[in-house]
2 protein chains.
Amino acid sequence: MAQKDIRNGHGPAKSRLLNKATHLFRVRGYERTTVRDLAREVGIHSGSIFHHFSSKEAILHAVMEDSLRSLLDRQEAAVDPEATARERLHQLIRVELGSHLGESGEAMSVLVGEWPSLSAESQKELLILRDRYERPWEQALAECVANGDLRGDPVVARKLIAGALFHATTWYRPDGAMSLEDITRQVVTMVVPGSPAG
Amino acid sequence: MAQKDIRNGHGPAKSRLLNKATHLFRVRGYERTTVRDLAREVGIHSGSIFHHFSSKEAILHAVMEDSLRSLLDRQEAAVDPEATARERLHQLIRVELGSHLGESGEAMSVLVGEWPSLSAESQKELLILRDRYERPWEQALAECVANGDLRGDPVVARKLIAGALFHATTWYRPDGAMSLEDITRQVVTMVVPGSPAG
DNA sequence: CATCCTACCGAGCAAGCGCTTGGTATCACA
DNA sequence: TGTGATACCAAGCGCTTGCTCGGTAGGATG
């Protein structure tokens with residue numbers, strides 16, 4: 001451990017607060033999670049939370065912003081701009097599904113599921129990041145329609161895919177019969193029929 | 001209006017309570033909706049609610065049970081057991097999407113979105129109805145896999161479809177470019193490629 | 001050595017919550 | 001005309017909520 005920041009527990013208090021909040025918001029919901037629950041989990045008094053965050057909603061905002069930024073990072077790392085539209089679609093689906101079902105799954109669930117709990121101002125701010133994330137999707141799907149890989153409207157297709165992938169958090173089990181890549185392949189097969197691309 | 005039941009407002013108080021509760025649970029969420037909000041909306045005092053329902057959660061239970069039962073009714077009315085698996089799939093998708101996006105949409109959203117707010121006992125009770133609703137889906141999808149209309153796992157396919165359709169509540173606009181039947185057709189096309197069935 | 005800052009404690013406030021209780025007006029029915 | 005049931009009001013209880021506030025221990029900095 002370093003020289004400062006540890007009066008109690010392991011690691012910087014603020015990030016431990018964020019981690020526990022993510023977990024509690026996920027399993028109990030934002031509204032049903034009290035600041036006392038959160039403080040107990042972290043090992044501090046409830047009032048001390050407000051030394052780090054100005055309000056309970058500021059915690060939700062921080063959780064969501066972290067979630068969105070790391071999602072963007074993963075997308076940028078995984079999508080090859082030189083690849084074909086079909087390949088990029090496969091990459092986009094893999095990243096999004098992996099984000100929902102992997103380590104960042106709880107944060108992603110909070111991001112999507114607790115969106116209405118955010119104030120209008122916070123929503124507006126985070127929508128800028130969200131739009132940035134959606135652009136590669138728009139491009140890949142539009143190209144797939146243009147070259148005949150995908151039938152129908154690309155915007156509707158994106159919405160349908162987003163719903164299907166997000167919903168996987170409610171039923172996916174890491175120790176189940178289907179692996180993450182199995183599901184990814186099935187989604188790709190359903191969206192753009194034909195032999196699956198790499 | 002009949003002879004009894006109207007002391008105030010229009011129609012039986014219990015059903016008005018249920019209607020307003022559905023709306024409030026949808027737009028504000030169950031937890032953020034207070035019995036005082038609900039009472040004000042209906043035009044009675046907050047305490048009077050507990051003459052009709054034993055608890056706030058009992059209201060949620062009633063909303064969800066009504067929602068599930070009418071969903072089952074619509075399914076039964078719309079699905080032809082004599083039709084091919086592909087046709088039945090089309091019918092099932094139409095019913096589910098129509099339920100999400102039509103008049104019963106708010107109740108459906110509450111049913112899916114507020115499920116974690118229900119007590120374990122209530123969940124157990126309603127799961128019996130839900131299982132009944134899922135059976136025709138299982139059969140149609142299993143048949144589609146058997147006859148080659150659908151590739152992949154039928155259980156995963158059902159989960160993906162359910163997510164895609166439910167998510168439509170967040171983006172569908174009745175006055176938008178895509179009609180309900182347009183979206184239904186696109187989903188069918190994506191799930192079972194080939195010429196769309198009636 | 002004094003000063004400042006950070007991170008927290010301990011106590012508690014005001015507001016809001018679900019729900020209870022006791023009472024009353026109105027009806028159906030005997 | 002009396003009785004019981006139904007549908008509601010008026011008041012408020014006990015508890016929990018998000019958040020505030022004065023104080024303090026301890027490291028860093030002049």
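Protein chains get the first letters and strands the later ones, always in sequence-line order, with residue 1 at the start of each.
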Under 3.5 Å, which protein N or O atoms sit close to an N or O of nucleotides 16-18 of chain D? Give each pair with its distance.
from	atom 1	to	atom 2	distance (Å)
D:dG18	OP1	A:Thr33	O	3.3
D:dG18	OP1	A:Lys56	NZ	2.9
D:dG18	OP2	A:Val35	N	3.0
D:dG18	N7	A:Arg36	NH2	2.8
D:dG18	O6	A:Arg36	NH2	2.9

Quickly work out the [X] [atom1] to [N] [atom2] distance and round it to whole Å.
| X | N | atom1 | atom2 | result |
| --- | --- | --- | --- | --- |
| B:Leu38 | C:dG16 | CG | P | 18 Å |
| A:Arg40 | C:dG10 | CZ | P | 15 Å |
| B:Lys14 | D:dA7 | NZ | P | 9 Å |
| B:His52 | D:dA5 | NE2 | P | 17 Å |
| A:Ile49 | C:dG10 | CD1 | P | 15 Å |
| B:Phe53 | D:dT6 | CZ | P | 16 Å |
| B:Ile44 | C:dG18 | CD1 | P | 14 Å |

Sequence neighbours excluded - side chain to side chain donor-acceptor pair (under 3.5 Å) pairs with any residue from residues 113-122 of chain A: A:Glu57-A:Ser119, A:Glu57-A:Ser122, A:His61-A:Ser122, A:Glu114-A:Ser117, A:Ser117-B:Arg32, A:Ser119-A:Ser122

Candidate nucleotides D:dA7, C:dG10, C:dC8, ranked by approach to the side chain of B:His51 - the nearest: D:dA7

N or O in side chain of A:Ser48 less than 4.0 angstrom from C:dC9 OP1/OP2: yes

Distance test, side-chain N/O of A:His45 to OP1/OP2 of C:dG10, below 4.0 Å: yes

Six-ring centre of B:Tyr30, B:Lys56 cation under 6.0 angstrom, axis tolerance 45°: yes

Six-ring centre of A:Tyr172, B:Lys159 cation under 6.0 angstrom, axis tolerance 45°: no

Charged N-O contact under 4.0 Å between [X] and [Y]:
| X | Y | answer |
| --- | --- | --- |
| A:Glu143 | A:Arg88 | yes |
| B:Arg158 | B:Glu96 | yes |
| A:Arg69 | A:Asp66 | no |

